Amino acid sequence: MLVALRLATAATHQAVELLPGMVRLTGPDPSPADYRRYLRLMARVYGTLEPSLYAALSAPRAPGAGAADQRSPRLAAERISALGLRPKFPALCADLAVHGLAPPAVAPDLLSPPDLNTTLGGIYVLEGSTLGGRVVARRLRKHLGDPLPGATFLDFHGDQAAAHWKRLGLVLDGLAADGLIDPDGVIAGACAVFQEVYTMLATFDEDPPAP
Ligand code: HEM
């Protein structure tokens with residue numbers, strides 16, 4: 001699943017990396033203001049998407065739900081906890097606070113209510129971002145100094161990032177093998193959510209710079 005997801009979303013990932021704010025962040029001379037701006041952008045993305053995706057994952061089946069709800073089955077609690085998910089929006093808010101910045105005003109609402117495949121595709125996107133965050137963190141420490149203030153989000157899984165990622169992949173593969181998710185649906189969901197992330201980042205990037 002992870003390989004297929006990476007291939008399907010590669011072009012959008014690259015487009016995200018090429019957004020002006022991201023280019024400045026990963027370029028030869030990132031400034032502390034570039035980092036604050038990145039935190040603000042990512043907080044708006046996570047604040048908008050994460051609550052909807054997490055809620056959709058664990059929402060109980062509606063009472064009396066009939067055959068129509070079969071299109072959007074829910075996972076058993078142990079399957080959800082096997083994903084090892086922890087919300088990252090609070091980490092971004094904490095990082096903003098370190099820089100004296102308030103949490104962004106967000107209206108959590110996306111694709112509501114997303115089906116299970118779309119939800120897991122979206123979770124792939126938000127989880128994968130912390131994998132790339134390791135690389136971003138290394139670069140920023142080189143240019144801005146170590147310790148890097150307010151890096152809870154970038155360091156989210158610490159040296160467990162690769163292990164966490166592998167586990168997510170295994171759980172997704174297991175769900176697909178057990179017929180609980182449709183891989184094509186998850187891939188389509190990941191593409192849709194990644195595109196949404198791109199649109200949000202591109203739009204927010206036009207905001208005035210963070211102080
Ligand atoms: C400056 C911006 C970014 C850079 C430089 C970057 C860089 C990277 C790198 C280097 C990896 C591979 C990490 C590894 O294999 O150890 C990665 C993976 C990933 N990134 Fe990003 N990333 C950026 C932004 C984002 C954003 C905003 C998102 C989505 C919210 C995102 C989603 C992902 C995903 C889903 C993967 C996993 C790909 C896979 O399946 O292996 N990235 N990123």
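None of these values were measured; they are calculated from a predicted model. First listed ligand is number 1; within each ligand, the first listed atom is number 1.
When ring centroids are compared, Tyr198 and His13 stay outside the 6.0 Å threshold. For Tyr46 and Phe153, the ring centers are positioned less than 6.0 Å apart.
For the atom pair OH of Tyr54 and CG of Leu49, the computed distance is 11.5 Å after rounding to the nearest 0.5 Å. Atoms OG1 and NE2, from Thr130 and His157 in turn, are 4.0 Å apart once rounded to the nearest 0.5 Å. Between the CD atom in Glu196 and the OG1 atom in Thr12 there is a gap of 12.0 Å [rounded to 0.5 Å].
Contacts between Val125 and ligand 1, counted as non-hydrogen atom pairs separated by less than 4.0 Å, involve both the backbone and the side chain. Of all the heavy atoms of Met42, the ones lying under 4.0 Å from any atom of ligand 1 belong exclusively to the side chain.
Here the side chain of Arg167 pairs a donor or acceptor atom with the backbone of Ala82 at under 3.5 angstrom.
Using a 4.5 Å cut-off on side-chain heavy atoms (C-beta onward), Met1 and Tyr124 make no contact. You'll find the side chain of Pro183 stays beyond 4.5 Å of the side chain of Leu5, heavy atoms only.
In terms of protein heavy-atom proximity, atom 41 (O) of ligand 1 is nearest to Arg6 NE, 2.9 Å. Remark: minimum distance from atom 2 (C) of ligand 1 to any protein heavy atom is reached at Met22 SD, 3.5 Å. Here the heavy atom of the protein found nearest to atom 32 (C) of ligand 1 is Phe194 CZ, 3.4 Å. Remark: minimum distance from atom 40 (O) of ligand 1 to any protein heavy atom is reached at Tyr124 OH, 2.7 Å.
Classification of Asp146 and Arg138 as a salt-bridged pair fails, no side-chain N sitting under 4.0 Å from a carboxylate O.
Distance check on atom 38 (C) of ligand 1: some protein heavy atom falls below the 4.0 Å cut-off.
The aromatic rings of Tyr35 and His99 lie perpendicular to each other, with more than 60° between the two planes, well past the 30° mark.
Using 4.0 Å as the threshold, Arg139 has no heavy atom nearer than that to any atom of ligand 1. Residue-ligand proximity: Leu5 is placed with every non-hydrogen atom at 4.0 Å or more from ligand 1. Not a single heavy atom of Tyr38 lies less than 4.0 angstrom from ligand 1.
Every atom of ligand 1 is numbered from 1 in the order shown, and the set under 4.0 Å from a heavy atom of Trp165 is 37 (C), 39 (C), 40 (O), 41 (O). Listed by atom number, the atoms of ligand 1 under 4.0 Å from Val197 heavy atoms are 30 (C). Within ligand 1, counting atoms from 1 as listed, the ones closer than 4.0 Å to a heavy atom of Leu2 are 40 (O).
Below the 2.8 Å limit, atom 21 (Fe) of ligand 1 has as protein N, O or S neighbours His13 NE2.
Checked by distance only, ligand 1 and Thr26 stay at 3.5 Å or farther apart across all their nitrogen or oxygen atoms. Below 3.5 Å of separation, one finds no N or O of Tyr46 facing any N or O of ligand 1.
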Test salt bridge (charged side-chain N to carboxylate O under 4.0 Å, His left out) on Asp159 and Arg134; report intermediate values, then the result. CA-CA 9 Å; Asp159 56 12; Arg134 300 271 292 164; over 6 Å; no
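Here side chain to side chain donor-acceptor pair (under 3.5 Å) pairs that include residues 175-193, with residues two or more places apart or in two chains, are Arg79-Asp178.
What you find for Arg139 and Pro28 is that their closest heavy atoms are NH2-N, 4.4 Å.
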